[in-house]
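First the proteins, then the strands, lettered A, B, ... as listed; each starts at 1.
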Number of protein chains: 2
Amino acid sequence: MNIANPYSSNCPTRKVLDRVADKWAVLVLGLLIEGPIRFNRLRRAVEGISQKMLSQTLKSLERDGLVSRKAFATVPVTVEYAITPLGQTLAATLDALRVWAETHMEEVTANQQRYDAGAKSDA
Amino acid sequence: MNIANPYSSNCPTRKVLDRVADKWAVLVLGLLIEGPIRFNRLRRAVEGISQKMLSQTLKSLERDGLVSRKAFATVPVTVEYAITPLGQTLAATLDALRVWAETHMEEVTANQQRYDAGAKSDA
DNA sequence: TTACCTGGTTACCTCAAGGAAACCACCATG
DNA sequence: CATGGTGGTTTCCTTGAGGTAACCAGGTAA
């Protein structure tokens, strides 16, 4: 009965999960909740993202209806990306994740070091 | 002063985000919140995961201190994985994500189809 | 005229994630 | 004796994600 059982390999939620489990998408959505923003500004804001990946990320976010694209016929064409209501619901959820990461980062790092040290001294 | 600014490329939260942005980890943690579970049971539960990936996923979850491993010297060695308190806090957050996926899956899929149809008929 | 901004797309190439399958030890059961 | 179940590890190989960089159109400023 679980048409939506992510543990079944052909379940569509897996795809959504994959979508969401995308570092760049998480970061882009995180910026967009603060307001609409242009392509190149976005690119500069998200350190390390390539033009290609940003374009790709935005395209699939738009396809999913999570962000909207609006082009302005200005001097050099201006394109503004904004988050949709649906996107906002996801962004809120993802933000919780970012917060978790920020909150527990130290603890996780400490755990890793302890683990690595232990593995080394193990027989 | 944001030492924890995920938009900076060298920020450690990026690593945590990567860790968390792992389909298998999400699914495994989702199962572990229901209680301790053995390796092979886990493998059968998570459809499509390979032995290697499960082993790898569990190892890094253990390294992060998100799950704990306990081996029993039974007839065939039994190994039980359990979620840690830290892991539970993450699992709760991730669960929200899974719920989001389940809830909005249909809407997202519909958006995709509309987008694809539009792109086709566009000049 | 040349250079640069806008926002992209495309071709090329590399590198690593991850699947498949074999191998491991050990014991029980058929 | 051979097979199967326990929980893994390792090797090999493929494939696709993603980086780099060139190219595009069009207008404007130097």
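- Atom CD of B/Gln88 has more than 12 heavy atoms from other residues, nucleotides or ligands within 6.0 Å.
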All N/O pairs under 3.5 Å across the protein-nucleotides 13-21 of chain D interface:
residue: D/dG18; atom: N7; partner: A/Lys52; partner atom: NZ; Å: 3.1
residue: D/dG19; atom: OP2; partner: A/Ser50; partner atom: OG; Å: 3.0
residue: D/dG19; atom: N7; partner: A/Lys52; partner atom: NZ; Å: 3.2
residue: D/dG19; atom: O6; partner: A/Lys52; partner atom: NZ; Å: 2.3

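- As a whole-Å value, the separation of B/Leu42 CG from D/dT6 P is 13 Å.
- Between the CD atom of B/Glu62 and the C1' atom of D/dG7 there is a distance of 13 Å, rounded to whole Å.
- Evaluation of the side-chain contact (heavy atoms from CB on, under 4.5 Å) rule for A/Ala73 yields no partner, not counting sequence neighbours.
- Not counting sequence neighbours, B/Val75 has no partner by the side-chain contact (heavy atoms from CB on, under 4.5 Å) test.
- Atom pair B/Tyr81:OH and D/dG7:P shows a separation of 9 Å (rounding to whole Å applied).
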Side chains of residues 24-42 of chain A: which donor-acceptor partners sit under 3.5 Å, not counting sequence neighbours?
residue: A/Asn40; atom: OD1; partner: A/Arg43; partner atom: NE; Å: 3.3
residue: A/Asn40; atom: OD1; partner: A/Arg43; partner atom: NH2; Å: 3.2

Show me the donor-acceptor pairs within less than 3.5 Å that the side chains of residues 48-58 of chain B make with the rest of the protein, sequence neighbours left out.
residue: B/Ser50; atom: OG; partner: B/Met53; partner atom: N; Å: 3.2
residue: B/Thr57; atom: OG1; partner: B/Met53; partner atom: O; Å: 2.6

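- In this structure B/Val99 satisfies the side-chain contact (heavy atoms from CB on, under 4.5 Å) test together with B/Asp95, B/Thr103, sequence neighbours excluded.
- Taking atom NZ on B/Lys59 and atom P on C/dA17, their separation rounds to 14 Å, with Å as the unit.
- Residues satisfying the side-chain contact (heavy atoms from CB on, under 4.5 Å) criterion with B/Gln112, sequence neighbours excluded, are A/Arg63, A/Asp64, B/Val108.
- Residues in residues 74-84 of chain B take part in these side chain to side chain donor-acceptor pair (under 3.5 Å) pairs, two or more places apart or across chains: B/Thr74-B/Thr78.
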Polar atom pairs (N or O), protein with nucleotides 1-6 of chain C, under 3.5 Å:
residue: C/dT6; atom: OP1; partner: A/Arg44; partner atom: NH2; Å: 3.0
residue: C/dT6; atom: OP2; partner: A/Asn40; partner atom: ND2; Å: 3.4
residue: C/dT6; atom: O5'; partner: A/Asn40; partner atom: ND2; Å: 3.4
residue: C/dT6; atom: O3'; partner: A/Val77; partner atom: O; Å: 3.3

